[in-house]
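Just so we're on the same page: letters track the sequence lines, and every chain starts at 1. Hydrogens, waters and symmetry mates are skipped; everything else that's a heavy atom, side chains included, is used. This one's a predicted model, so the numbers in the text were calculated from it and none came from an experiment.
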There are 2 protein chains.
Amino acid sequence: MPGMARAAATADAFNAVAEPRRREILDLLVTGERPVNDLVGALELGQPQVSKHLRVLREVGLVEVRERGRQRMYRINGRPLEQIHDWVGGFERTWNERFDALEGVLEELKTEEEDNADD
Amino acid sequence: MPGMARAAATADAFNAVAEPRRREILDLLVTGERPVNDLVGALELGQPQVSKHLRVLREVGLVEVRERGRQRMYRINGRPLEQIHDWVGGFERTWNERFDALEGVLEELKTEEEDNADD
DNA sequence: TTGACACATACCGGTATCGGTATATAATGC
DNA sequence: GCATTATATACCGATACCGGTATGTGTCAA
């Protein structure tokens, strides 16, 4: 059975945030809740597109909505970002120079151990 | 001109890391360099698929290769992850309870200001 | 040199994704 | 009620993406 469906898709925060426009939206919402048209004005993008991006963000729990008259006020809920922060944080030593140095030392220790394999 | 191409695609770390398999690969490489077949064994995925994911990771600079005989030893270079860490870090107060509390205080101050709008 | 091994690449099919346009829905104002 | 505003949704076309299979390329070993 070739070409089968792959695992979900835009179902998690990683994917939601992979899209630059959605990151822009979150950047805009970080200062507080905003109606859709506000975002449409700020981004250079049509209203339906913004609504669709907001839908994705909503589905992964990154934004929440509140109705105010005929507008929908969107606000951030960053909790799903914690997962990303944690995962990426686990790789800190792979970009941090100080940790790189530490790794060098550990490598040396390992080499010494191998050299003294006869004790 | 409808249906035009969208901005690049798998061209940055955000996108590279949005794919679960590629995160698994990085998780496996965090302990040290490994040849491709090692990864194929660890993941439940064909060798060509792993090679293609490694290519994406290579293109965004998240892994580097070293030739050893007929194998290619892949290792992590986490530097591109720093960008993600920084961006996500900017939203910490949107998931952290302590910051939530702080925000509550700020909100109160703002309200008080509005109340004293006559001084 | 021939064969096995390790890996990369090309191609295919199915689906997801994105922006764009048109339309539906719902609230507001006259 | 009717027009307007604010937003969501449906549909479309183009493309990107992912896994699978087949094949290419380079390296080692007999």
Charged N-O contact under 4.0 Å between [X] and [Y]:
X: A/Asp27; Y: A/Arg34; answer: no
X: B/Arg23; Y: B/Glu19; answer: no
X: A/Asp38; Y: A/Arg72; answer: no

Rounded to whole Å, how long is the line connecting atom [atom1] of [X] with atom [atom2] of [N]?
X: B/Glu59; N: C/dA8; atom1: CD; atom2: P; value: 12 Å
X: B/Asn15; N: D/dC18; atom1: CG; atom2: C1'; value: 13 Å
X: B/Arg23; N: D/dC18; atom1: CZ; atom2: C1'; value: 15 Å
X: A/Gln49; N: C/dG20; atom1: CD; atom2: C1'; value: 6 Å
X: B/Ile25; N: D/dC18; atom1: CD1; atom2: C1'; value: 13 Å
X: A/Leu54; N: D/dA6; atom1: CG; atom2: P; value: 16 Å
X: B/Met73; N: C/dA6; atom1: CE; atom2: P; value: 13 Å
X: A/Lys52; N: D/dA6; atom1: NZ; atom2: P; value: 20 Å

Phosphate-side-chain proximity, [X] and [N], N/O vs OP1/OP2 below 4.0 Å:
X: B/His53; N: D/dC17; result: no
X: B/Arg55; N: C/dC7; result: no
X: B/Tyr74; N: C/dA6; result: no

Quick check on contacts: within residues 31-45 of chain A, what sits under 4.0 Å from DNA chain D by heavy-atom distance?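 Contacts with DNA chain D under 4.0 Å: A/Pro35, A/Val36, A/Asn37.
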Suppose we screen for ring pair (Phe, Tyr, Trp, His ring centres under 6.0 Å). Which residues come up paired with B/Tyr74, at least two apart in sequence or across chains?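 None.
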N/O contacts under 3.5 Å, protein versus nucleotides 22-30 of chain D?
residue, atom, partner, partner atom, Å
D/dT27, O2, B/Arg70, NH1, 3.4

Taking side-chain hydrogen bond (donor to acceptor under 3.5 Å, both in side chains) as the test, write out the residues that go with B/Glu64, two or more places apart. B/Arg75, B/Asn77
According to side-chain hydrogen bond (donor to acceptor under 3.5 Å, both in side chains), who are the partners of B/Gln47, at least two apart in sequence or on a separate chain? B/Ser51
Distance (rounded to the nearest 0.5 Å) between A/Ile76 CD1 and A/Thr31 OG1: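 It is 8.5 Å, given to the nearest 0.5 Å.
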Flag yes if A/Met73 and A/Leu54 sit in one hydrophobic cluster, no otherwise; membership is Ile, Leu, Val, Met, Phe, Trp, Tyr, and two members link when side-chain heavy atoms are under 4.5 Å apart.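 Different clusters: A/Met73 never reaches A/Leu54 through Ile, Leu, Val, Met, Phe, Trp or Tyr contacts under 4.5 Å.
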Can you list every pair that meets ring-ring contact (aromatic ring centres under 6.0 Å, His included) and has a residue in residues 12-53 of chain B, with sequence neighbours left out? B/Phe14-B/Trp87
